[in-house]
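The chains referred to below are lettered A, B, ... by the order of the sequence lines, with proteins before strands, and numbering in each begins at 1. Note that the structure is predicted; figures quoted are calculated from it, not measured.
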Amino acid sequence: MEAALNRAFPEAADAAVQAGRPLDPQLAPASRPEFGDFQANGALALAKPLRQAPRQIAAAIVAELEADAAFAALCLPPEIAGPGFINLTLRPEVLAEEVSRRLADPRLGVPAVAADAPPVVVDFSSPNIAKEMHVGHLRSTIIGDALARVLEFRGHPVRRLNHVGDWGTQFGMLITHLREVAPEALRAADAVDLGDLVAFYRQAKARFDSDEAFQAASREEVVKLQGGDPVSLKAWGLLCDQSRREFQRIYDRLDIRLAERGESFYNPFLEAVVEDLAAAGLLVEDQGAQCVFLVGEDGQPSPAPPVIVRKSDGGFNYATTDLAAIRYRFAPAPQGDGARRLIYVTDAGQASHFAGVFQVARRAGWVPEGGRLEHVPFGLVQGEDGRKLKTRAGDTVRLKDLLDEAVERAEADLRRRLAEEGRQEDEAFVTQVATTVGLAAVKYADLSTNRITNYQFSFDRMLALQGNTAPYLLYAVVRIAGIARRGGADAGDITGPLVFTEPQEWALVRQLLQFDRVILEVEEELLPNRLCGYLFELSQVFNRFYDQVPVLKAEEPARASRLALCRLTADTLKLGLGLLGIPTLERM
RNA sequence: GGGGCUGUAGCUCAGCCGGAUAGAGCGACGGUUUCCUAAACCGUAGGUCGUGGGUUCGAGUCCCGCCAGCCCCGCCA
């Protein structure tokens, strides 16, 4: 629809400006409903260069538009408003036809990219082995999954990579410590449970920070591990397996698919990374470490600390691993992923790290023509007191506990409602609804705010039944399902043209037809909250329609047209929520 | 000290390439149910968009300064 308008507009615009200069019509969606569907603001900008009144310029453009048959078939006569805005309104029959088309289209009007599109890497979640997943992993996991779903729906081959922390100094610490306090954990699977492992890790970290002998032993252990010592490798493998199973429980619960490719995967490439950088003349030795110094936008040396790719003790660090990952992901198969876009979903605190690493990768020539390298930062999860979310005891909140509580609260809420309404439902229903609503609430609350700002976590707000929340959206789907159950099952076979008369119907039509634009925007901007905002508005518009316009009791042909609108609304909500990783319900 | 992010209604947040009268939700106050799930809908009140300049026909949005909060800053990730 926008494309068609874009085709129609420049022709007229060019004609109008034959005597002048190139023209940007500044075509945009209307800022308010009473201005129609689109508005063109270009006339205002031209007033000065053309030395004409803006309304006069607008009138000239409108005259050209009206002479264009293709335009006239699409839009009602344009209106000039205010200081010189041109307001465009699509013809009702054009809108109705587009609704019909989408009803028959499983993609709901969203185009798919070419079948041979190159892979996109989405790097997200990335917990550390030997630690439990905590609230800090929540946002990366949920946002990363939603972005991956949107990109997959668009047809991109997406590599969902879990860059788990399974390598490096931390393992030296942990193995060294375990060797002393719980050697059985290094020899047999599941000798200690993960909770204990977490405690051991904490102890190891404390010793590492305070005990120089322990520090040295840990470093030595890392060297042995990186050198392929079989005993160390065996211990490492056991620890990884154990953590992996715990992570998988969370992922299964959240319905998140993820391929593990931890830091250790890049181990064989680290040496080559440093060699590449040396060959490119980027490497400088400083205080015994191999560094790449950064430059500012102007090409002058940057005051930012250098990226260290080889420590003074000869070991590699995370920057080296991240560089190896970039190199591998852009490199053509089979020695790489052949990707053209890398997306990193990590907290905003790592922004400067990624800025540095990305710059080094570019200067090393690893980023192909047209390759995109994007850090998708997000803010902290805060408690309702505005500080970093902690348990009452002051510990970090385990992800498992957080999900449990959301589901428990959803269940309590549901049972209270069932009692109030005197409804009888079996236990399977209660479990199903509580699980779906609770997890949906957690995901949606996170996704619905602009990710860059800190996010204030509140069970009460996310589970609220009104407002921009998962339960509100799920309820809209349930209402439509109710209509379908009571006689709307034939809504699929509309043969004649759709007929709409009520303003609430047109509002719903217009909202429904925005879906494709929103998806393309999320694909580009990587902001899932845009999709949430759209779905919330769609639910609101639908609820107004539902409240004020009868469907099943309407006379034909209105009844069939309204049923069709309901179906397209349900399809859009289900698809949209699905792209956020949220399943829907028929009843709740 | 350097860098990044944030600052919009009492609270939580939107605000798209700079467009017309600043947008929701919650909370407050008032109203709506012979009707498809009222978990809904309608209305009222509530704003110096942190602040001072600048650019522009037009600035919450772009540029510069300042203030406040949070985060990051060489061999952890």
So, under a plain 3.5 Å distance rule, would you say the side chain of A:N87 forms a donor-acceptor pair with the base of B:rA20?
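Result: at least one qualifying N/O pair found.
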Please state how far atom [atom1] in [X] lies from atom [atom2] in [N], giving the value in whole angstrom units.
{"X": "A:F354", "N": "B:rC73", "atom1": "CZ", "atom2": "P", "answer": "14 Å"}
{"X": "A:E521", "N": "B:rG15", "atom1": "CD", "atom2": "C1'", "answer": "11 Å"}
{"X": "A:R423", "N": "B:rA38", "atom1": "CZ", "atom2": "P", "answer": "11 Å"}
{"X": "A:F542", "N": "B:rA38", "atom1": "CZ", "atom2": "P", "answer": "10 Å"}
{"X": "A:Q456", "N": "B:rC70", "atom1": "CD", "atom2": "C1'", "answer": "13 Å"}
{"X": "A:R517", "N": "B:rC16", "atom1": "CZ", "atom2": "P", "answer": "12 Å"}

Measuring centre to centre across the rings, with the benzene-like ring taken for any Trp, is A:F316 within less than 6.0 Å of A:Y318?
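A:F316 vs A:Y318: aromatic centres not under 6.0 Å.
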For this output row, return yes or no: ring centroids of A:F358 and A:Y344 closer than 6.0 angstrom.
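That pair passes the under 6.0 Å test.
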Nucleotide nearest [X] when distance is taken to its side chain, options [options]:
{"X": "A:L552", "options": "B:rC41, B:rC36, B:rG74", "value": "B:rC36"}
{"X": "A:D547", "options": "B:rA40, B:rC36, B:rC13", "value": "B:rA40"}
{"X": "A:Q39", "options": "B:rU12, B:rC76, B:rG19", "value": "B:rG19"}
{"X": "A:I483", "options": "B:rU6, B:rG2, B:rC36", "value": "B:rC36"}
{"X": "A:R479", "options": "B:rC57, B:rC5, B:rA40", "value": "B:rA40"}
{"X": "A:P306", "options": "B:rG74, B:rC16, B:rC76", "value": "B:rG74"}
{"X": "A:T449", "options": "B:rC13, B:rC16, B:rG74", "value": "B:rC13"}
{"X": "A:N543", "options": "B:rG19, B:rA40, B:rA39", "value": "B:rA40"}
{"X": "A:Y318", "options": "B:rG19, B:rC76, B:rA40", "value": "B:rC76"}
{"X": "A:C291", "options": "B:rG19, B:rG4, B:rG74", "value": "B:rG74"}

Under 4.0 Å between a side-chain N/O of [X] and OP1 or OP2 of [N], yes or no?
{"X": "A:Q466", "N": "B:rA40", "result": "yes"}
{"X": "A:R387", "N": "B:rC70", "result": "no"}
{"X": "A:N450", "N": "B:rG15", "result": "yes"}
{"X": "A:N529", "N": "B:rG15", "result": "yes"}
{"X": "A:R530", "N": "B:rG15", "result": "yes"}
{"X": "A:R32", "N": "B:rG23", "result": "yes"}
{"X": "A:T453", "N": "B:rA14", "result": "yes"}
{"X": "A:R544", "N": "B:rG43", "result": "no"}
{"X": "A:Y444", "N": "B:rG25", "result": "no"}
{"X": "A:Q540", "N": "B:rG25", "result": "yes"}

With a 4.0 Å cut-off on heavy atoms, is [X] in touch with a base, just the backbone sugar-phosphate, or nothing at all?
{"X": "A:Q548", "result": "sugar-phosphate"}
{"X": "A:V522", "result": "nothing"}
{"X": "A:N41", "result": "base"}
{"X": "A:F208", "result": "nothing"}
{"X": "A:P471", "result": "nothing"}
{"X": "A:A289", "result": "base"}
{"X": "A:G533", "result": "nothing"}
{"X": "A:A319", "result": "nothing"}

Partner of [N] by Watson-Crick or G-U wobble geometry, both contacts under 3.5 Å, or none?
{"N": "B:rG30", "result": "B:rC42"}
{"N": "B:rC36", "result": "none"}
{"N": "B:rA24", "result": "B:rU12"}
{"N": "B:rG52", "result": "B:rC64"}
{"N": "B:rC57", "result": "B:rG19"}

Spatial distance of atom [atom1] ([X]) from atom [atom2] ([Y]) [nearest 0.5 Å]:
{"X": "A:R219", "Y": "A:M173", "atom1": "CZ", "atom2": "CE", "value": "10.5 Å"}
{"X": "A:I582", "Y": "A:L447", "atom1": "CD1", "atom2": "CG", "value": "6.0 Å"}
{"X": "A:Y455", "Y": "A:I143", "atom1": "OH", "atom2": "CD1", "value": "9.5 Å"}

When the [atom1] atoms of [M] and [N] are compared, how many Å lie between them, rounded to an integer?
{"N": "B:rC64", "M": "B:rC70", "atom1": "P", "result": "24 Å"}
{"N": "B:rC63", "M": "B:rU56", "atom1": "C1'", "result": "12 Å"}
{"N": "B:rU61", "M": "B:rC16", "atom1": "C1'", "result": "10 Å"}
{"N": "B:rC13", "M": "B:rA20", "atom1": "C1'", "result": "25 Å"}
{"N": "B:rA24", "M": "B:rC49", "atom1": "C1'", "result": "16 Å"}
{"N": "B:rU51", "M": "B:rG60", "atom1": "P", "result": "11 Å"}

Please say which of A:T320, A:L323, A:V292, A:T321 ends up in a side chain to side chain contact (heavy atoms under 4.5 Å, CB included) with A:V357.
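Running side chain to side chain contact (heavy atoms under 4.5 Å, CB included) over A:T320, A:L323, A:V292, A:T321 with A:V357 returns exactly one hit, A:L323.
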Closest nucleotide of RNA chain B for A:L527 versus for A:G288: which of these residues is on the 5' side?
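On the 5' side of the pair lies A:L527.
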Once the angle between the rings of [X] and [Y] is folded into 0 to 90°, is it parallel (under 30°), tilted (30 to 60°) or perpendicular (over 60°)?
{"X": "A:H163", "Y": "A:Y266", "value": "tilted"}
{"X": "A:F459", "Y": "A:F457", "value": "perpendicular"}
{"X": "A:W236", "Y": "A:F171", "value": "perpendicular"}

Under the 5.5 Å and 30° test, is A:F35 stacked on the base of B:rA20?
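One would call A:F35 stacked on the B:rA20 base.
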